[in-house]
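For reference, the structure is listed below as structure tokens.
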Amino acid sequence: MNVAPIDQFKSDLAALEACVARAGQALGCCYAGSDEFEAEVVRMRRANGAFDRPHLVRMRFILGATVATSLAALLLLVL
């Protein structure tokens, strides 16, 4: 049975540790914190049109009309 010399084992271990360190750096996040990451996610979603949906515009119009009608009814009740 051939037993690898200790020096070969140490050099293999050092190479493996270097690979692990490089892999950890490659997987590292380029954002300083979760706030920056979330801001980038929102920015990308806006760029893709996620918040510019036609139904949101319609709902805003309906909500505005409801508020205006409610205020007008309240004014009529008070006067």
### Summary
Sorted by chain and residue number, the side chain to side chain contact (heavy atoms under 4.5 Å, CB included) partners of V57 (sequence neighbours excluded) come out as none

### With sequence neighbours excluded, residues passing side chain to side chain contact (heavy atoms under 4.5 Å, CB included) with T69
none

## Note on the structure
Contacts of R43 meeting salt bridge (charged side-chain N to carboxylate O under 4.0 Å, His left out) (sequence neighbours excluded), chain-then-number -> E40

### Query
How many angstroms lie between CD in Q8 and CG in D12, if you round to the nearest 0.5 Å?
4.5 Å

### Message
Within this structure, what is the CG-NZ distance for the pair L13 and K10, rounded to the nearest 0.5 Å?
### Response
10.0 Å

### Task
Quickly, which of E38, R46, R45, M44 forms a side-chain contact (heavy atoms from CB on, under 4.5 Å) with V42? Name it, please.
R46

Name the atoms and distances for all side-chain donor-acceptor pairs under 3.5 Å in residues 71-79, with sequence neighbours left out.
none

